[in-house]
Participant: 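Let me begin by handing over the structure; questions about it come next.
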Amino acid sequence: MKRYLIVLSLLVVAGTAAQAKEHPGKAYIEKNGYRGPATCEAQGCHPGTAKAFLSTVHWKHASPVANVENLDPGKEYGMKNRIYTMCNGNDIVNNLKEIPPNPKTGKTKFTGCNACHPGNHISDAGSTGKDAENAVDCLVCHSSAYDFRLRKPYKDAAGRVVMGQDRTPKAALSVGKPGVKNCMVCHEAAGGGVLIKRGFAFVRETDVHAAKGMVCVDCHGAKDHKIPTGYDPNNWANDGVRVACSDCHGEKPHADEDTNRHVARIACQTCHIPRTGGATAKDFTRWTQGEDGFFEPTTLRMEANETTPVYAWYNKTVRNEPHFIGPKGSRGDKQSRIYPFKLYEGKAYFDKKTGMLLSMDFAPPMATGDTLAGVASAAKTLGIKEYDPVPGWQTVYFGSSHLVTKEKALSCANCHAPNGALNFKSLGYTDEEIRKLTSAALYFDKMAAKQKENW
Amino acid sequence: MKRFAIASMLFVVAVAAAGFLSPRAASAEDIKLVGVITQIDIAGPDATTATATLKDNKTGDLVTVIVTDELTLDKFKDHRIVTGDEIRLKYEVKDGKNTSKYFRKTAGC
């Protein structure tokens with residue numbers, strides 16, 4: 001409790017300070033305008049930052065991945081080149097472009113996975129050099145007054161697809177620590193629409209941290225733009241730094257010692273994130289036509305907090321097979337703890353010859369609904385000449401580390417009951433152990449006392 | 001047992017009566033549509049309400065809704081949602097006015 005009060009006080013003080021203190025360089029920007037990273041690095045401020053940023057996951061969309069099986073250790077992986085059935089495309093095969101005209105309406109539009117890349121698309125994911133440094137869109141993450149009308153793709157005089165940026169003095173004069181919206185601009189709409197992939201809104205109604213006024217980077221606090229992430233089995237690229245609940249809450253976060261004992265084998269998320277959200281299934285072999293004439297993958301959407309997680313042992317290493325991406329671990333493995341996951345199933349084309357999942361360029365199916373044309377386009381980009389596409393399903397376990405609740409956290413009876421949240425059988429317990437684990441005798445006196453205290 | 005049965009009956013009657021009499025229960029029918037924004041009116045950076053007009057993709061009808069949720073208002077203010085965007089909308093008619101309950105762009109990456 002004391003720790004909480006201290007953290008809260010610091011946040012309030014920091015927030016007040018951030019509001020009161022003007023970012024240096026106002027006079028310089030008012031006089032010279034804003035010219036991107038060159039302005040940020042002028043007058044000795046933020047030297048070398050743009051160059052350093054080019055080595056981060058947010059720029060490269062890839063990194064070495066040490067905890068996932070069946071990967072080439074010499075390669076980097078991420079949304080730049082990964083294939084899985086939430087997205088089925090990536091920056092390479094589904095590169096930002098103008099799609100063919102829809103036959104019904106004659107209309108076209110720009111789309112591509114790398115639409116969220118913080119460059120200008122001419123300098124794209126993983127690019128290096130002076131042009132890349134100059135192309136970094138610092139303000140999309142750091143300005144609270146960014147005008148998103150300016151961040152739209154367009155074709156330049158040479159016919160290249162360029163991603164616009166807001167480089168107005170107004171946006172530049174509103175810089176600071178990224179707020180929630182700066183992060184959610186990209187992260188909330190990943191995977192094909194709002195709350196589709198990750199399925200959480202970081203708002204006070206659905207997350208206890210948001211309710212306390214915290215922002216994403218209060219937990220995902222970056223150093224040199226390397227942003228700590230957790231161990232979502234499906235989120236592979238990382239900057240080599242990690243975030244965990246215990247960074248703030250410690251290893252004994254509860255007043256009650258019996259509850260603290262659970263921490264050794266039960267992840268915080270298991271009790272404190274009892275619900276998940278977002279898409280539960282998608283079919284990339286059959287796209288649905290919208291009223292505007294364009295097609296989208298057929299998707300089963302769910303709101304934040306609308307689905308129940310599946311629980312599994314996880315030792316932070318990942319089983320990675322064509323039809324399954326998910327946690328490795330077991331009860332016998334002392335590195336494993338029980339975590340909640342969002343279970344997702346995606347249907348896409350697999351190569352009958354190799355058994356591997358095939359990727360898709362979204363431009364053809366988005367315009368006409370022809371999904372095999374999308375596979376053919378991706379295969380051409382990747383230099384795959386022979387393949388035999390057959391539909392198949394892939395199961396993906398998504399980590400569930402947001403939508404944190406204190407009030408609605410699972411308590412003793414939610415798990416230790418015959419119809420409790422945990423399937424002890426599938427978690428490796430014997431019938432005799434399960435009989436003991438699901439008896440009210442385990443917690444009756446404690447809960448009765450607590451009930452009396454509360455009322 | 002008899003007292004319990006009488007109390008239960010009274011409770012059921014009370015709940016049913018409350019349901020019939022409540023104006024919320026009489027009006028709260030969600031209406032859903034997908035449409036393109038033709039106009040957004042918002043008073044300024046401190047506005048706590050906005051109106052948005054959408055052209056229903058199916059019928060072509062124009063529907064104007066009041067938007068009050070902070071997240072969507074913020075997206076209007078910094079133009080993350082603009083005229084021309086296609087929206088999945090859910091609204092209810094409250095006191096004769098269309099009030100948005102769900103306002104999201106259909107597009108993603």
Side-chain angles (χ1 to χ4, degrees), chain A residues 79 86-87 89-91 94 96 109-117 140 143-152 166 171 174 179-182 184-197 201-206 210 279 289-294 296-297 299 301 303 362 366, chain B residues 30-48 50 52-63 65 67-92 99-109:
Chain A
M79 68 178 282
M86 173 58 86
C87 294
N90 54 45
D91 292 347
N94 190 32
L96 178 63
K109 62 178 176 179
F110 290 92
T111 186
C113 294
N114 43 352
C116 269
H117 184 259
V140 74
S143 173
S144 58
Y146 198 94
D147 184 340
F148 286 90
R149 284 175 297 187
L150 298 169
R151 199 182 149 79
K152 300 279 182 203
D166 182 0
S174 306
V180 172
K181 83 169 174 188
N182 294 99
M184 293 307 258
V185 162
C186 288
H187 289 280
E188 83 166 5
V194 178
L195 303 192
I196 292 290
K197 183 178 175 183
F202 192 73
V203 293
R204 69 172 74 92
E205 292 81 10
T206 57
Q289 190 168 28
E291 295 298 328
D292 61 358
F294 294 118
E296 290 284 338
T299 303
R301 303 160 197 276
E303 284 304 297
F362 290 179
M366 194 169 277
Chain B
D30 287 347
I31 302 163
K32 295 177 187 172
L33 69 86
V34 177
V36 175
I37 302 176
T38 59
Q39 193 172 334
I40 296 171
D41 290 306
I42 186 161
D46 300 322
T48 55
T53 303
L54 280 74
K55 187 177 181 185
D56 187 333
N57 281 345
K58 268 190 187 151
T59 63
D61 293 344
L62 291 177
V63 177
V65 291
V67 178
T68 56
D69 79 278
E70 269 180 56
L71 212 54
T72 308
L73 286 172
D74 198 37
K75 289 176 181 178
F76 288 167
K77 288 171 191 171
D78 63 19
H79 310 293
R80 275 176 284 167
I81 296 178
V82 292
T83 303
D85 282 343
E86 189 183 64
I87 299 295
R88 208 179 295 279
L89 169 72
K90 192 162 38 171
Y91 68 95
E92 64 177 346
T99 307
S100 165
K101 292 176 75 176
Y102 181 105
F103 197 102
R104 290 200 195 146
K105 278 166 83 165
T106 55
C109 68

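The structure displayed is predicted, hence computed values, not measured ones. Note on naming: letters A, B, ... go to the chains in the order of the sequence lines (proteins, then strands), and numbering restarts at 1 for each one.
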Participant: Answer with side chain, backbone, both or neither: which region of V82(B) has an atom nearer than 4.5 Å to a non-hydrogen atom of chain A?
Facilitator: side chain

Participant: Evaluate whether atom NZ of K55(B) has more than 12 neighbouring non-hydrogen atoms of other residues, nucleotides or ligands under 6.0 angstrom away.
Facilitator: no

Participant: Is E188(A) paired with K75(B) through a side-chain N to carboxylate O contact shorter than 4.0 Å?
Facilitator: yes

Participant: Given a strict heavy-atom distance threshold of 4.5 Å, which part of L195(A) is in contact with chain B: side chain, backbone, both, or neither?
Facilitator: side chain

Participant: Please determine if R204(A) and E70(B) form a salt bridge, counting it only when a charged side-chain N lies under 4.0 Å from a carboxylate O.
Facilitator: yes

Participant: Is E205(A) close to chain B through its backbone or its side chain, or both, or neither, when contacts mean heavy atoms under 4.5 Å?
Facilitator: neither

Participant: If you round to the nearest 0.5 Å, how far is NZ of K109(A) from CD of E86(B)?
Facilitator: 7.5 Å

Participant: With a 4.5 angstrom heavy-atom cut-off, is it the side chain or the backbone of I81(B) that approaches chain A, or both, or neither?
Facilitator: neither

Participant: So, taking the atom named CD in E296(A) and the one named OG1 in T106(B), what distance separates them when rounded to the nearest 0.5 Å?
Facilitator: 7.0 Å

Participant: What pair of heavy atoms forms the shortest contact from V194(A) to K105(B), and how long is it?
Facilitator: CG2-O, 3.9 Å

Participant: Run the salt-bridge test on E303(A) and R104(B) with the 4.0 Å N-O cut-off and return the result as yes or no.
Facilitator: yes

Participant: If you count heavy-atom pairs within less than 4.5 Å of chain A, which of D74(B), D78(B), N57(B) leads?
Facilitator: D78(B)

